[in-house]
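Step one of this worksheet: look at the structure below.
From a predicted model like this one, the values you see are computed outputs, not experimental measurements. FYI, the numbering just counts along the sequence from 1.
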Amino acid sequence: MNQLLKGKLVRLAAVDPEEFGKTFASWGYDSELKRLMDSEPARQHSPKASKEWAEKQLQESGDTTYWFMIRTLEDDRLLGDIGLEVTGWNQRNAFVGLGIGPREFWGRGYGTEAMELALQYGFLELNLHRVMLNVFEYNPRAIRSYEKSGFQHEGRIREALFREGKRWDLLFMGILRTEWMKKHGYPITNK
């Protein structure tokens, strides 16, 4: 049996609000990272405010949010976070969000593997039917990573974002359980 939350580069771990607060507040100084992860104007948050936000998110998550920290296997370094938010249990759909903070880990496969682990968890453990995400048109590295994980382009909102004097599209991507199962050699048992 495979390790559900452990790959070759990373593992998905429980959220520690204290560590989250300190680490994510420090990553907040990277305006490029902020623009890749959020459509809102970049703002700074203190470690205390970030910790309180994380505690509130965990307290209110219930049975619809599955949030993990991404840690390296090599030295247990905190790289970022990934979460699945079920948007409707009756339809078995979820939205996924992913962020890798330290630039030296961008474009090296850590995010792709974290996404693969989250999809494995979503499809095999939560029995989801569909996982979706959105990504900004100006983030080709993330788009390639999502395509590697099997996500298909499903649509776009044209000129939804304004960054640095230019309008950009917001892209929507999704992957179905049957697509993921086929990609990984699992028998297709139900839809």
message: Do Leu5 and Gln120 make a side-chain contact, defined as non-hydrogen atoms from C-beta onward lying under 4.5 Å apart?
response: no
field: Close aromatic pair by centroid cut-off 6.0 Å: Tyr138 and Trp168
entry: yes
- request: Please confirm whether the backbone N or O of Leu171 pairs with a side-chain atom of Asp169, one donor and one acceptor, at under 3.5 Å?
  value: no
field: For Phe68, all residues meeting ring-ring contact (aromatic ring centres under 6.0 Å, His included), sequence neighbours excluded
entry: Tyr121
message: I'd like to check Ile82 versus Met115 (side-chain heavy atoms, cut-off strictly below 4.5 Å). Are they in contact?
response: yes
- prompt: Same cluster for Val15 and Leu78 if Ile/Leu/Val/Met/Phe/Trp/Tyr side chains link at under 4.5 Å?
  reply: yes
query: With sequence neighbours left out, what residues match His184 under ring-ring contact (aromatic ring centres under 6.0 Å, His included)?
result: Trp180
- request: Please examine the side chains of Trp67 and Met69, heavy atoms only from C-beta on, and report whether any two atoms are closer than 4.5 Å.
  value: yes
With Ile70, the side-chain contact (heavy atoms from CB on, under 4.5 Å) member among Leu98, Asp81, Leu117: Leu98
task: Decide, yes or no, whether a salt bridge links Lys8 with Glu74 under the criterion of side-chain N to carboxylate O below 4.0 Å.
output: no
task: May I have the step-by-step check of side chain to side chain contact (heavy atoms under 4.5 Å, CB included) for Arg177 and Val131, ending in yes or no?
output: CA-CA 8 Å; Arg177 176 188 172 91; Val131 175; over 6 Å; no
- prompt: Between the side chain of Arg108 and the main-chain N/O of Glu104, is any donor-acceptor distance below 3.5 Å?
  reply: yes
- prompt: Of all residues at least two apart in sequence or in a different chain, which pass the side chain to side chain donor-acceptor pair (under 3.5 Å) check with Glu179?
  reply: none
- prompt: Does a salt bridge link Glu137 with Arg163, judged by any charged N lying under 4.0 Å from a carboxylate O?
  reply: no
task: State, with a plain yes or no, whether a side-chain heavy atom of Tyr66 is found less than 4.5 Å away from one of Glu125.
output: no
